[in-house]
**Student:** 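Quick one: structure below, then a few questions.
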Amino acid sequence: RGSSIHLQSTSVHFDRRTRPKPESPSNYAQGSRATSKTAAMVAAPRFGIAVGSKDELRPIQLISYGIGHHMNDLCAACWFTYLLIFLESPAVGESQMQAGLIMLSGQVADGFTTPLIGLVSDATPDSLHMPALGLGKRKLWHALGSVIVCFSFSATFGGLLPEPGVLRTLYLAAGASLFNVGWAAVQVSHMSLLPELHADEGERTRLQSTVYASTVTANLLMFTLFGICSGIDAARPFGLITLGVMGIGGCTTLWFHANVRERCDRGCAAVGVAAEAEKAAAWEAAEAEPSFSPWRWFCLLEFYLCGATYMLTRIVVNMSQTYVPFFVINTLRLPHSALATVPAAMYVSALMGTSVQARVTSHCGKPATYLLGALCVGAAAASLAFVPPLPSAAAYLVYPAASLLGCGGTMALVTSVTMEADLVDRHPSSAAFLYGVMSLTDKLANGSIIFLIQAHRELLMAGPGCAGLDLSHQRDCALMAAF
């Protein structure tokens with residue numbers, strides 16, 4: 001039980017000097033089974049995460065897990081920030097309502113398939129595992145989802161579209177649905193690994209902060225790509241963007257699969273590349289207990305509180321990412337470069353927020369950290385309502401307001417996800433199902449809000465505060481009021 005595992009580049013070495021001598025044949029047999037199962041893991045890379053370790057994780061270990069969601073983040077940054085702009089551009093020619101319908105179809109497909117993916121992932125039999133590749137029931141779905149994301153994203157933004165009309169709309173809706181299904185498979189499988197990577201809550205917060213830092217980095221990279229590709233081909237920049245996203249995202253996904261190995265010799269929740277024998281014995285004891293039905297989550301009050309918190313936080317983050325570009329271009333009349341610089345300001349401040357997230361949580365606790373993030377978001381939203389358009393120089397006050405919005409959203413989102421991980425820790429065997437249900441509420445809420453805004457712009461134009469403005473300003477004033 002006291003044996004330590006030293007990570008080598010080609011093997012797992014057990015230091016027997018610290019392992020106590022077994023006191024009886026039965027104890028010896030029990031220890032042998034745990035050791036043999038641990039040794040049955042595939043060869044571990046030296047950057048792997050030691051599951052259950054009480055030591056502080058090194059930066060390279062945090063990065064190896066954090067970039068496992070990087071391709072998803074790159075695609076999502078383009079999807080939520082530029083999809084509506086892409087669909088309403090002259091090159092595609094979809095109407096506002098059609099664009100909202102395409103976005104909604106993807107969100108609905110994502111929402112309903114995510115719990116199903118969670119159930120199937122939790123119940124994936126051992127016979128489908130690929131130990132030689134380090135693929136258990138989590139990373140197997142991660143790899144499958146990554147392939148679907150690559151195909152569908154390329155077909156939507158970089159592919160040849162059908163002739164304008166119903167066929168094009170159906171093609172884009174199908175591509176959006178398929179993309180969101182693959183995206184959900186990657187998200188659920190990656191999040192399901194988190195509760196097992198470390199026993200300490202502080203280290204889990206660091207892991208989740210690293211994931212969000214990767215998200216922020218992906219968004220900044222996307223805005224940089226958009227600026228570069230727009231300069232190269234202003235009429236059709238999204239084909240070049242697709243090549244950049246697939247190249248960078250493919251490399252980070254391969255790094256994740258090479259350096260975070262999953263234990264494939266049992267049907268328990270996915271774990272990292274190495275585990276102490278004590279952790280393996282604990283999992284064997286957990287397996288001997290009666291199984292926890294995923295449907296029993298619906299009987300816990302904490303399930304609904306955690307789900308509502310996550311859903312509302314995601315609404316804030318996704319709506320700001322989707323409609324702030326419209327706001328800064330059409331309402332504030334800022335230069336076209338603001339399509340990249342204002343969202344970039346949001347995510348630079350978000351990246352700074354992730355650097356202090358774990359420290360604030362350890363001193364103040366999760367509820368206080370979440371409250372602080374929510375107050376920052378509220379202050380930013382209130383200040384945006386009073387920013388005047390150009391030619392007033394005060395229009396550039398949108399930058400500090402956007403920075404505050406990004407920092408507050410980061411603190412709230414990271415805290416809500418770590419709350420989910422704490423809830424999952426009670427019954428990790430159904431982790432993917434829980435994350436799937438949480439994602440269902442998130443996707444349905446966001447998709448419905450976007451569709452309603454897109455479909456009812458003319459009704460919103462009659463709202464207070466929009467009278468006397470030109471048509472373009474009326475629409476975006478209504479959008480900002482709704483946001």
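In what follows, every heavy atom counts, from backbone to side chain, and hydrogens, waters and symmetry copies are set aside.
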**Student:** If you round to the nearest 0.5 Å, how far is CG of L84 from OH of Y323?
**Tutor:**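 If we round to the nearest 0.5 Å, Y323:OH and L84:CG are 5.5 Å apart.
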**Student:** For R168 and E94, indicate whether the former's side chain and the latter's backbone hold a donor-acceptor pair under 3.5 Å.
**Tutor:** no
**Student:** Over all heavy atoms of both residues, which pair between F298 and Y304 is shortest? Give the atoms and the distance, please.
**Tutor:** O-OH, 2.7 Å
**Student:** For G409 and V377, which heavy atoms make the closest approach, and how far apart are they?
**Tutor:** N-CG2, 3.5 Å
**Student:** For the residue pair T415 and T369, what are the closest heavy atoms and their distance?
**Tutor:**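 For T415 and T369, the tightest heavy-atom pair comes out as OG1-CG2, 3.5 Å.
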**Student:** To the nearest 0.5 Å, how far apart are CD in E302 and OG1 in T309?
**Tutor:**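 So the CD of E302 and the OG1 of T309 are separated by 11.5 Å.
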**Student:** Hey, mind stepping through V245 and F157 against side-chain contact (heavy atoms from CB on, under 4.5 Å) and telling me if it holds?
**Tutor:** CA-CA 11 Å; V245 169; F157 283 101; over 6 Å; no
**Student:** Would a 4.5 Å heavy-atom cut-off, applied to side chains only, mark F179 and F151 as touching?
**Tutor:**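 No, side chains not in contact.
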**Student:** Step by step, would you call M438 with L423 a side-chain contact (heavy atoms from CB on, under 4.5 Å)?
**Tutor:** CA-CA 12 Å; M438 298 290 183; L423 187 62; 4.3 Å; yes
**Student:** Between E420 and L434, does the side-chain contact (heavy atoms from CB on, under 4.5 Å) criterion hold? Intermediate values first, please.
**Tutor:** CA-CA 9 Å; E420 284 185 311; L434 177 64; 5.8 Å; no
**Student:** Quick check: does any side chain N or O of Y82 sit under 3.5 Å from a backbone N or O of A77, one acting as donor and the other as acceptor?
**Tutor:** no
**Student:** Compare all side-chain heavy atoms of Q98 with those of L87 and state whether any distance is below 4.5 angstrom.
**Tutor:** no
**Student:** Using the side chain to side chain contact (heavy atoms under 4.5 Å, CB included) criterion, which residues pair with L444? Sequence neighbours excluded.
**Tutor:**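 In terms of side chain to side chain contact (heavy atoms under 4.5 Å, CB included), with neighbours along the sequence ignored, L444 is linked to V108, F112, L440.
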**Student:** Of the non-hydrogen atoms in I148 and G182, which two are nearest, and what is the gap between them?
**Tutor:**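 Of all heavy-atom pairs spanning I148 and G182, the closest is CG2-CA, 3.8 Å.
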**Student:** Mind checking the CG-OH spacing from N219 to Y347? Nearest 0.5 Å is all I need.
**Tutor:**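 One gets 4.0 Å once the value is rounded to the nearest 0.5 Å.
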**Student:** Work out which heavy atom in A402 is nearest to a heavy atom in V342; give both atom names and the distance.
**Tutor:** CB-CG1, 4.0 Å
**Student:** How many angstroms lie between SG in C75 and CG in L83, if you round to the nearest 0.5 Å?
**Tutor:**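 The SG atom of C75 sits 12.0 Å away from the CG atom of L83.
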**Student:** Take atom CZ in F303; do more than 12 heavy atoms of anything else shown fall under 6.0 Å from it?
**Tutor:**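 Enclosed.
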**Student:** Looking at every non-hydrogen atom in both residues, tell me the closest pair between Q321 and A76 and how far apart they are.
**Tutor:**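 Closest approach of Q321 to A76: NE2-O, 3.9 Å.
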**Student:** Is the shortest side-chain heavy-atom distance between T215 and T410 below 4.5 Å?
**Tutor:** no
**Student:** Residues two or more places apart in sequence or in another chain: which of them pass salt bridge (Lys or Arg N to Asp or Glu O under 4.0 Å) with D110?
**Tutor:** K443
**Student:** For side-chain contact (heavy atoms from CB on, under 4.5 Å), just list the numbers for N318 and D442, CA-CA rounded to whole Å, side-chain angles, deciding distance to a tenth of an Å, and then say yes or no.
**Tutor:** CA-CA 10 Å; N318 291 344; D442 154 36; 3.8 Å; yes
**Student:** Determine whether more than 12 heavy atoms belonging to other residues, nucleotides or ligands lie under 6.0 Å from atom CE of M419.
**Tutor:**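 Buried by this count: over 12 neighbours within 6.0 Å.
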**Student:** Hey, are the side chains of E163 and L167 touching, using non-hydrogen atoms and a 4.5 Å cut-off?
**Tutor:** no
**Student:** State, with a plain yes or no, whether a side-chain heavy atom of T253 is found less than 4.5 Å away from one of F256.
**Tutor:**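 Side chain of T253 against side chain of F256, heavy atoms only: no contact under 4.5 Å found.
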**Student:** If we ignore hydrogens and angles and just use 3.5 Å, is the side chain of T331 paired with the main-chain N or O of V328 as donor and acceptor?
**Tutor:**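 Not a single qualifying donor-acceptor pair exists.
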**Student:** Report yes if the side chains of F226 and T81 come closer than 4.5 Å at any heavy-atom pair, otherwise no.
**Tutor:**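 No; the side chains remain at least 4.5 Å from each other.
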**Student:** Side chain of S105, backbone of I102: donor and acceptor closer than 3.5 Å?
**Tutor:** yes
**Student:** Within the side chain of T361, is there an N or O that forms a donor-acceptor pair under 3.5 Å with the backbone of K366?
**Tutor:** no
**Student:** Under 4.5 Å between any side-chain heavy atoms of V211 and M191, yes or no?
**Tutor:**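 V211 vs M191: side chains apart.
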**Student:** Are any of the side-chain heavy atoms of V437 and W297 separated by less than 4.5 Å?
**Tutor:**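 No, side chains not in contact.
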**Student:** What distance separates I241 CD1 from I228 CD1, expressed to the nearest 0.5 Å?
**Tutor:**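 These two atoms lie 10.0 Å from each other.
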**Student:** Is a side-chain donor or acceptor of T156 paired with a backbone partner of F153 at a separation under 3.5 angstrom?
**Tutor:**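 Answer holds: no.
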**Student:** Supply the atom-to-atom distance M222 CE to F80 CZ, rounded to the nearest 0.5 angstrom.
**Tutor:** 13.0 Å
**Student:** Under a plain distance cut-off of 3.5 Å, with no hydrogens placed, do T441 and Y310 share a side-chain donor-acceptor pair?
**Tutor:**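 Short answer, no.
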**Student:** Could you check whether any side-chain N or O of H257 sits under 3.5 Å from a backbone N or O of G68, counting only pairs where one atom can act as donor and the other as acceptor?
**Tutor:** no
**Student:** Just by distance, do the side chain of W183 and the backbone of N72 share a donor-acceptor pair under 3.5 Å?
**Tutor:** yes
**Student:** Kindly say whether V317 contributes a backbone atom to a donor-acceptor pair with the side chain of S320 at under 3.5 angstrom?
**Tutor:** yes
**Student:** Taking S154 for its side chain and C150 for its backbone only, find out whether a donor-acceptor pair lies under 3.5 Å.
**Tutor:**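 Side chain of S154 to backbone of C150, a donor-acceptor pair under 3.5 Å: yes, one is there.
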